[in-house]
Amino acid sequence: MGSDDADGTDPARKRAVAERAGRLREAVEAAGGPSAVAKRAEMHLGTLNNYLGGRDMKAENLVVLAEATGVRVEWLALGRGPTRSTQA
């Protein structure tokens, strides 16, 4: 475990959340933008914007957003492997 910042959060966790938000921004742009993705995910646009801005998300929402953007869950969550499934 890393040491906590002044606000009580682990710097490694903050970095991971920020990196995930970057991948989400990339996926959302490629999938038609925030409004289109929020509609497909059946999610409030404000909620999606919070995630795009760096707020951490529940696993359920991560899965829904991966499906709505067409990316692999593992890539969105951790940045591992190919962005999209190689299956046709």
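In this chain, residues are counted from 1 in sequence order.
Val17 and Leu76 end up in different hydrophobic clusters when Ile, Leu, Val, Met, Phe, Trp and Tyr side chains are linked at under 4.5 Å. When hydrophobic clusters are built by joining Ile, Leu, Val, Met, Phe, Trp and Tyr residues whose side-chain heavy atoms come closer than 4.5 Å, directly or via intermediates, Val71 is grouped together with Leu62.
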Show the numbers, then the answer: is there a side-chain contact (heavy atoms from CB on, under 4.5 Å) between Met43 and Leu65?
-> CA-CA 9 Å; Met43 176 180 289; Leu65 287 169; 4.0 Å; yes

Test side-chain contact (heavy atoms from CB on, under 4.5 Å) on Thr83 and Arg23 and set out the steps.
-> CA-CA 9 Å; Thr83 304; Arg23 289 189 297 276; over 6 Å; no

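Although no hydrogens or angles enter the test, the distance criterion places a donor-acceptor pair under 3.5 Å between the side chain of Arg40 and the main chain of Ala31. Arg80 contributes no side-chain N or O that, together with a main-chain N or O of Glu74, makes up a donor-acceptor pair within less than 3.5 Å. Between the side chain of Arg20 and the backbone N or O of Ala77 there is at least one donor-acceptor pair closer than 3.5 Å.
Summarising the geometry of Arg84 relative to Ala30, their closest heavy-atom pair is NH2-CB, 3.9 Å, with the distance given to 0.1 Å. Across all non-hydrogen atoms, the minimal contact from Trp75 to Ala27 is CZ3-CB, 4.2 Å. Taking each heavy atom of Pro34 and Glu29 in turn, the nearest pair found is CD-OE2, 4.0 Å.
Checking Leu48, Leu45, Leu52 one by one against Val37, the side-chain contact (heavy atoms from CB on, under 4.5 Å) holds for a single residue, Leu48.
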